[in-house]
Amino acid sequence: MSAALVIAQSGGFVRERGGDASCVANDGFCPTWIADNLDRYWTPLLEHLYLVVVSVGIGFAIAFSLGLLAHRQRWLIAPLTGVTSALYTIPSIAMFFLLQPLLGRGNAPAIVGLAIYTQVIIFRNVITGLANVPGEMVDAASGMGMTKNQRLFRVEVPLAVPEILAGLRIAVATTVGLAAFAAFAGAGGLGQKLIVASLITFKSNVVVAGGMVTLLAAALDLAVLGFQRLLTPWRRAVAA
Amino acid sequence: MAQGGGGVILASALTDFTDGVRFIFQARESSAGTVQVGGLNEVGHMAGNHLLVSSLAVAIAIAVALPIALVLGHKGRGEFIAVSTSNIGRAVPSLAIIAFFVAFLGTGFTNLCFALILLAVPPILTNTYVAVRQVDRDLVDAARGQGLSEGQIIRTIELPLALPTIFGGIRLSSVNVLATAIIGPLAGYETLGTPILSLNVYGFTGAIGAAIVVALMTLVADAGFAGVQRLSTPKGLKVVKGDRRRMRFRPPSQRSAQSP
Amino acid sequence: MGESSGRSSAETIEFRDVTKQYPGGSEPAVDGLSLEVPAGEICVLVGPSGCGKTTAMRMVNRMIDMTSGDILLGGRSVRDRKPEELRREIGYVIQQIGLFPHRTIADNISTVPSLLGWSKARMSERADELLELVGLPREMRDRYPSQLSGGQRQRVGVARALAVDPPVMLMDEPFGAIDPINRERLQNEFLRLQAELRKTIVFVTHDIDEAIKMGDRIAVMQVGGKLAQFAPPAELLMAPASPFVEDFVGADRALKRLALQRVRDIDLWTVATCRTGEPTAGVRERTAEADLDIALLVDEHQRPVGWLSERGLTGERIRSELRSPADPVVDLDDILRDALSDLLASESMYGPVVGAQGEVVGVLSMQVISQAVGSAPSEVPGATELAASEHVNGAGDATGPDEE
Ligand SMILES: Nc1ncnc2c1ncn2[C@@H]1O[C@H](COP(=O)(O)OP(=O)(O)OP(=O)(O)O)[C@@H](O)[C@H]1O
Ligand SMILES: [Mg+2]
């Protein structure tokens, strides 16, 4: 088994390709090297994006459902918060390894692990978002004859959207960062270019890979923000 | 492995875990069979290093961030800095921070420690700032009226009341730092990340063993700080929990429907 | 199905020995409440804080389930109804208004219609209709609640409750969060609306003045959820059933009664009117017959000019020798309280009363008012009638000298 588990020392990545050879040999910051090798980062970037989107998607679906459930069955809040925050505490690298005996190597442990980390953030925001819906909204909704489900989906959830999406934003930013460690699960991503001794000292590589991770976090954050504005037009309507 | 179905997978997973645990306590041959690896001595050494660099980083982060945040919070200034630090701290992935440090400042204990400090500062800074700002301003005014100096106000009123939230920040920082210290070997410093990063030497079993130790370590640290956080809550504030419970029955017009 | 809900006919509401005991409460929040609200009337539940008004009201649409007893709507027990269906047939207005901030005004108004599955076109048409009914411009339909003033929001709240033309409405301190000036305006508007719609309404307030103004009948409750008195406003003010009610309606209850009557409702003094140049003899004769022993000089349109002095009566013909101007001039549509206030303000014992065209119809005096305060309650109209008469005579406002 262990033969398959050895992390490729450099991810099959040969540093010495193009650019200014002496600059590369000195671990320098070499614009020409970056220009020559940028194309080799697209695949890791896409892998990274894929990991984030899929795991946050799955994680959101689960945490959102758990949140709705616990909003009804309030006794579930404490145990679910306890379990999800304990899981969140486990270092991601450890998590990615601890999942491997069950899930093998590759995308499976990475996605499961990342989805686990989104739980506490999204769950908590769903619960507080729903709890912060003003009492008179709930009262008015029931008083006009909405059933519990109608009230939940027509009034409570829409009013909790800002808080829920705030949770989603944090989850996305966190997941982009944690997905950098998904390389330990054998799932690729930009982390692949950073967790190798011969690459982490190479400034050109770090600038590209580290920069891409950071920019990806920022870009996805903006995307969720835009989505939030789209979903809550009423929040922009200020007293005319 | 695949043909046996769930039972076999579970059994093999169990073996992986027990092997991992055994790695912690008993030395074994390295993958290449050349040296002895694992065992309490080596794992203990790595865990000690791990704890050392982590606690040093958190301690320095506290020493730096706490006074700044207390003063800023007391004066009500620098909200932008306090808030954006945490936003940036969250947005920049920790691996990227470490990588930039290693690449541009070099490897070694000091640099690793610096990177971890940088990682630890934002939660402490923001939590402290926010906690101080949340202290009732009337209380502070009253204290000032009674002739307390600004320093005394911070020490005797704001700090004690902010303490639980501050410990919340320290707790978050500690967990982050312990987790990130795993990649210490990339910065040339042996931590519990060594078996993980040198898979070819320690094998999968070594990585699992180290992962178990690190996971337990963070869980214990988290639980410990949670306890401190609870203990540091001034007695008067703990009643809040009971109050909240009563609130759920209180203003009837604000309560949800009592449908059957 | 949903289309059949065009039943605007009001229903009676009957509380039968209704009791609500909250779990853990030492005494019942509502204790053996029995009362009947006739169809089309406003029943105000009033009483000190915590006396169980809200609880009593919310049991009607089963937002709170009663512990024992029964509530009948149009003779049918609410216990037999599915809560959600029941609530859709009952208008519901609360103090916090509870407009949904994420929905436009039109969508807010269409809340119940959409639950009943109305078509888009029908909902939209109905929303426009209701906006007009509560006096809001149609442009507001696409705004969000945050873009409206407090008073406008409360109007939308009322419109939303009226959306499917429910026979019954529940209103819990609907004007409680609105400043006094706007509250008065909303109260008047609502009474005018009610004069037209004639819903059966349970209206909760802790303000006795609002109760007197809005109620056809008032149920005064006391802490412990007991009904202290259930009576029309005038009776409540005339004959409080217990020291508690007497205390609650206030020491100024006689003055409050004045707000319930208009000048046109009471027997005014007669007065001899005369014009300049008229033969004196006839005027003397008429003055002797009238209640007031002073003649009133009027112009060619019978509008008051002033009180005639003795000197004006001395010649063959009336000369315009005035003893004093005809102050104050009281409008037939004024409420007694305002009329009395005018008398006090101009330090007169009496003043001429004029009709819609400004013509003199009689004289209001302090004595007349004190007699009216002592008259039997049955002669005193309820809030809705009062509002209706104001509505009918609305045109008089234009010429009435004292209308505010
Ligand atoms: N959900 C509840 N659980 C327990 N007790 C309640 C509940 N709702 C109301 N009560 C109690 O029942 C009593 C009546 O309350 P209710 O809200 O009906 O009073 P109210 O007359 O509307 O008062 P206010 O004028 O302050 O609104 C109060 O003593 C209140 O504390
Ligand atoms: Mg109430």
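Within every chain, numbering begins at 1; the chains are lettered A, B, ... in the order of the sequence lines, protein sequences first and strands thereafter. Keep in mind that what you see is a predicted model, and the values were worked out from it rather than measured.
Of the listed residues (Arg103(C), Lys82(C), Glu85(C)), the greatest number of heavy-atom pairs within a distance under 4.5 Å of chain A belongs to Arg103(C). No other option in Leu170(C), Thr111(C), Ile90(C) has as many heavy-atom pairs under 4.5 Å with chain A as Thr111(C).
Aromatic ring orientation, Phe181(A) versus Phe184(A): parallel (interplanar angle below 30°, classes split at 30° and 60°). Note on ring orientation: taking the six-membered ring where Trp is involved, the planes of Tyr117(A) and Phe96(A) are perpendicular (angle over 60°, cut-offs 30° and 60°).
Between the side chains of Ser114(C) and Arg154(A), at least one donor N or O lies within less than 3.5 Å of an accepting N or O. When only modelled atom types and interatomic distance are considered, Tyr50(A) and Asn107(A) share no side-chain donor-acceptor pair under 3.5 Å.
There is no contact between Leu86(C) and chain A, counting heavy-atom distances below 4.5 Å.
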